[in-house]
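Step one of this worksheet: look at the structure below.
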Amino acid sequence: MTTAHQIVRVAVPSPLYRLFDYRLPAKVDAATLQPGSRVLVPFGRQRLVGIVTALLSDTDVAPDKLKALLEVLDAQPALDAHLFALIQWAADYYHYPLGDAFATALPVLLRKSTAGKPASIQWWKLTDAGRKLDPNDLKRAPRQTAVIAQLLNHSEGVPRQELDVPLNVLTGLKDKGWLIDSEQTDRSQPISRIVSQEKLVLNTDQQLAVETVAAKLNGFSTFLLEGVTGSGKTEVYLQLIETVIANDKQVLILVPEIGLTPQLVSRFEKRLPVPLAILHSGLTDRQRLDAWQLARDSVAKIVIGTRSAIFTPLPNPGLIIVDEEHDTSLKQQEGFRYSARDLAVWRAHKLSIPIILGSATPSLESVYNVEQQRYQRLHLPERAGQACMPKLHLLDVRHQAMQEMLSEPLLQRIQTHLTKGGQVLVFLNRRGFSPVLLCHDCGWHADCPRCDSRMTFHQQKKQLRCHHCGHQRMVSPNCPDCGSSELIAIGQGTERVEQALTARFPDHTILRIDRDTTRRKGSLQAALSEAQSGAAQILVGTQMLAKGHHFPGVTLATILDADQGLFGSDFRSSERMAQLILQVAGRAGRGDQAGEVIIQTHQPDHPLLRQLVEQDYQAFAKAALQERSDAQLPPFTNLALLRAEAPQPGAPMAFLEQCQQWALGLQCAVQLWGPLPAPMERRAGRYRAQLMLQTSQRGELHRLLDSLIPHIESEKLARTVRWSIDVDPQDML
Ligand code: ADP
Ligand code: ZN
Ligand code: ZN
């Protein structure tokens, strides 16, 4: 027996950057452990699940301080070598503690020792009796009917995770002899779904895109699929996926939070005859683990998910797709601040497989990578099928009579479209009734007690709500300062616009879609189908309504206020605004009727708006990149933010000033800006400040942060604040 490896180095979930060494107890054979294995370890008074990072023969920890690990939790490491390396690399790159990085990346149930043994996956299928059922037998049980209908299409069965009904519905049907469940052990058994939709005949541009990627399936390359809204990017994905799964490989598809709709999933289900694993935030912990295991066991050939799905195991990878690659939801904004898009490129590189980044409005980072010939651009300049791109118009609203942000010419255009039977989409990126409630007699206004911001007035609920911290209270009919009843609502949100539209178009159905109208589970889906069916003629909403949806009846899309993004304090404001305008525009004219887009502005000569309207996104992106280059901003330099917040006003600045001193002493080629109070200094009762680090040499940034963190960890001041590091920040506020 060898005594070489008696020490195990473990990443324990904790905010500390260091790893912890444990002794191997005699009962555990070192050969059963590998980097990536989960172990149960004592940690202070707790017992925590950690991940083994290395097996060692000795340690600096004194023998009497060295504790023994308690248990090895998996026979096979929970993380394969590739996933282990991915998380380790991401923790290094984003300067996040490794133990916490593993904890964020793993399904919740794998962070608990109780769920140690991976459960096998449950499958359900129809019995012969079930197959012959007369649908009339089940008339009064719609959920049972739905399950049976779903199973009828899948002769080999469906994993539990894909059946959206409570377990008792399934066991009820089982008791009647119509269903059986199987603890499917024989994974080699083919599982097929009946394809109910034929593939489309590709147009020339789509064909070229598919052929270009298909020719390079055997190695790493990054493609930027830049296709205008409705150009058939999804069809390109689908046809490439068919090729990849025909080779028995897996495909990972990342989509933004708003993009993962049942419509998208059913489009994949109808076309691809293989099991899917779907990962989104609405899953229970159990469902999430099931999906993870379906992927890990290679049962699921396709994994579709939002940001965190980047950490799904793929033993047989063939292709990665990131749809709407510019979307900000792909970057986590708290805790482990990773960019799922950038990690996806890393994964594809290490796995030697291609990756496609798709968007109508790619991020300037990706456009730049094409210029640098790191990415290959695939272009779909036209809409697929019969539809044409809508025409964009700027509407100068200076001197116009306005009704709650709706100018008279706009209202008349809306009327024209409605008369012709078209649907109209009205976009405003602000929910609630009005952003300010003001006392006409004394000047009081409703401020959030916890933030440097106003509270938004929500008329229907008679509430004031802070959109930054969630604080809310009932609005009283009188001014709290002077008692006057002359309270006036200033400015417009979607609720108020909806009201104005109702007054003007009383004979039309108006549907508002924003976070307030879609809180209940399933309500967004219901609203989207109402919009899609054409049952609602006027759709009012925020970006929830603008992104990705296919509303074939919409002939007019309008942006009520394009000026908001022109003067934002973040250097990315104009990029975001351009993306949003084109997303909204992309909702018009997708069906048989041509579309039109009207953009209201007080700045009709603004160069950004003119570029978008008279030229296209590419022209805009080129000009915007030039500005970034002149200002030495990303992607031409690299940024990181060191943030701090605390309930005491002075603490964050004092802490960051200390950090600045250390950083200066390290003599790295990194410029320091600040520290400065955050643009919104107080939020949710905490004062916030930030120190910006900027450099043209990425390595220097990492060197600085690596040296800085031990200083911070040993510093008393650090305990007075909550601090965090954000590498490649997407939001500077
Ligand atoms: P995108 O993802 O680029 O916004 P979609 O893939 O959703 O575009 O396609 C938009 C519409 O065009 C869909 O209704 C789709 O069925 C249709 N479409 C896509 N490709 C073709 C094609 N080659 N021929 C006809 N219709 C197509
Ligand atoms: Zn008052
Ligand atoms: Zn607030």
Side-chain angles (χ1 to χ4, degrees), residues 197-210 225-241 253 255-256 259 261 263-264 266-268 270-271 321-325 356 358-362 378-389 435 437-456 463-473 476-488 532 546-554 582-583 585-592 595 680-686 688:
Q197 230 169 45
E198 289 298 306
K199 59 167 129 184
L200 300 170
V201 179
L202 299 178
N203 63 33
T204 323
D205 298 315
Q206 287 173 314
Q207 184 72 33
L208 183 62
V210 168
L225 178 61
E226 183 173 352
V228 298
T229 50
S231 57
K233 294 184 287 297
T234 313
E235 187 62 31
V236 169
Y237 303 152
L238 283 165
Q239 300 212 5
L240 282 163
I241 293 169
I253 305 156
V255 297
T261 57
Q263 285 95 315
L264 178 84
S266 89
R267 225 169 139 183
F268 279 79
K270 283 184 187 140
R271 281 286 292 279
I321 294 169
V322 182
D323 193 26
E324 308 291 353
E325 66 90 32
I356 305 174
S359 176
T361 51
L378 307 168
H379 194 204
L380 308 179
E382 312 276 353
R383 279 195 167 166
Q386 300 307 311
C388 292
M389 281 304 276
L437 191 66
L438 177 82
C439 171
H440 189 52
D441 287 334
C442 78
W444 168 89
H445 42 73
D447 285 337
C448 176
R450 310 175 66 218
C451 304
D452 291 332
S453 89
R454 309 254 192 274
M455 301 204 29
T456 301
Q463 273 181 339
L464 288 166
R465 291 192 198 150
C466 174
H467 290 182
H468 301 284
C469 72
H471 182 79
Q472 59 185 53
R473 62 182 173 83
S476 61
N478 299 95
C479 169
D481 275 9
C482 75
S484 157
S485 58
E486 289 286 303
L487 296 181
I488 39 184
Q532 205 156 29
K547 291 197 178 170
H549 311 299
H550 183 59
F551 304 133
V554 170
L582 292 186
Q583 284 294 330
R587 296 321 103 210
R590 297 174 72 97
D592 304 334
M680 182 189 294
E681 186 176 7
R682 202 165 61 101
R683 191 167 78 189
R686 292 171 166 275
R688 306 149 68 232

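Every number for a ligand or one of its atoms is a count from 1 in the order of the listing.
A heavy-atom distance below 4.5 Å is not found between the side chains of Leu378 and Val236. Annotation: side chain of Met455 is in contact with side chain of His471 (closest heavy-atom distance under 4.5 Å). Looking only at side-chain heavy atoms (C-beta outward), Tyr237 and Asp323 come within less than 4.5 Å of each other. You'll find the side chain of Glu235 reaches within 4.5 Å of the side chain of Leu238, heavy atoms only. Taking 4.5 Å as the limit, some side-chain heavy atom of Gln239 sits within range of a side-chain heavy atom of Arg271. By the 4.5 Å heavy-atom criterion applied to side chains, Cys466 and Ser453 are counted as neighbours. For the pair Pro480/Trp444, a side-chain contact is recorded, criterion being any heavy-atom separation below 4.5 Å from C-beta on.
The main-chain N or O of Gln463 is never found under 3.5 Å from a side-chain atom of Gln472 such that the two would form a donor-acceptor pair. A donor-acceptor pair under 3.5 Å is formed between the side chain of Asp452 and the backbone N or O of Arg682.
Ranking the protein heavy atoms by distance from atom 20 (N) of ligand 1 puts Gln206 NE2, 3.0 Å first. With respect to atom 11 (C) of ligand 1, the closest heavy atom belonging to the protein is Gly230 O, 4.4 Å. Remark: minimum distance from atom 16 (O) of ligand 1 to any protein heavy atom is reached at Leu200 CD1, 3.8 Å. Protein heavy atom in closest approach to atom 22 (C) of ligand 1: Val201 O, 3.6 Å. Looking from atom 2 (O) of ligand 1 to the surrounding protein, the closest heavy atom is Thr234 OG1, 2.8 Å.
Neighbouring protein atoms of the Zn ion (ligand 2) (N, O or S, distance under 2.8 Å, waters ignored): Cys439 SG, Cys442 SG, Cys479 SG, Cys482 SG.
Note on Lys233 versus Glu324: no salt bridge recorded, every NZ/NE/NH1/NH2 to OD/OE distance being 4.0 Å or above.
Residue contacts to the Zn ion (ligand 3): Cys469 brings an N, O or S atom closer than 2.8 Å. With 2.8 Å as the limit, His468 does not count as an N, O or S neighbour of the Zn ion (ligand 3). The Zn ion (ligand 3) has no N, O or S atom of His471 closer than 2.8 Å.
Listed by number with element, the atoms of ligand 1 under 4.0 angstrom from any heavy atom of Glu235 are 6 (O), 20 (N). Counting atoms of ligand 1 from 1 in the listed order, those under 4.0 Å from a heavy atom of Asn203 are 23 (N).
Side-chain atoms of His550 and Arg590 form a donor-acceptor pair, as typed in the model, at a separation below 3.5 Å.
Between atom 21 (C) of ligand 1 and the options Gly232, Ser359, Ala384, the minimum heavy-atom separation is to Ala384. With atom 13 (C) of ligand 1 as the reference point, the heavy atom nearest to it among Arg267, His549, Arg590, Gln386 is part of Arg267.
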side-chain contact (heavy atoms from CB on, under 4.5 Å) between Ile241 and Ile321: does it pass, once the steps are laid out? CA-CA 10 Å; Ile241 293 169; Ile321 294 169; 4.0 Å; yes
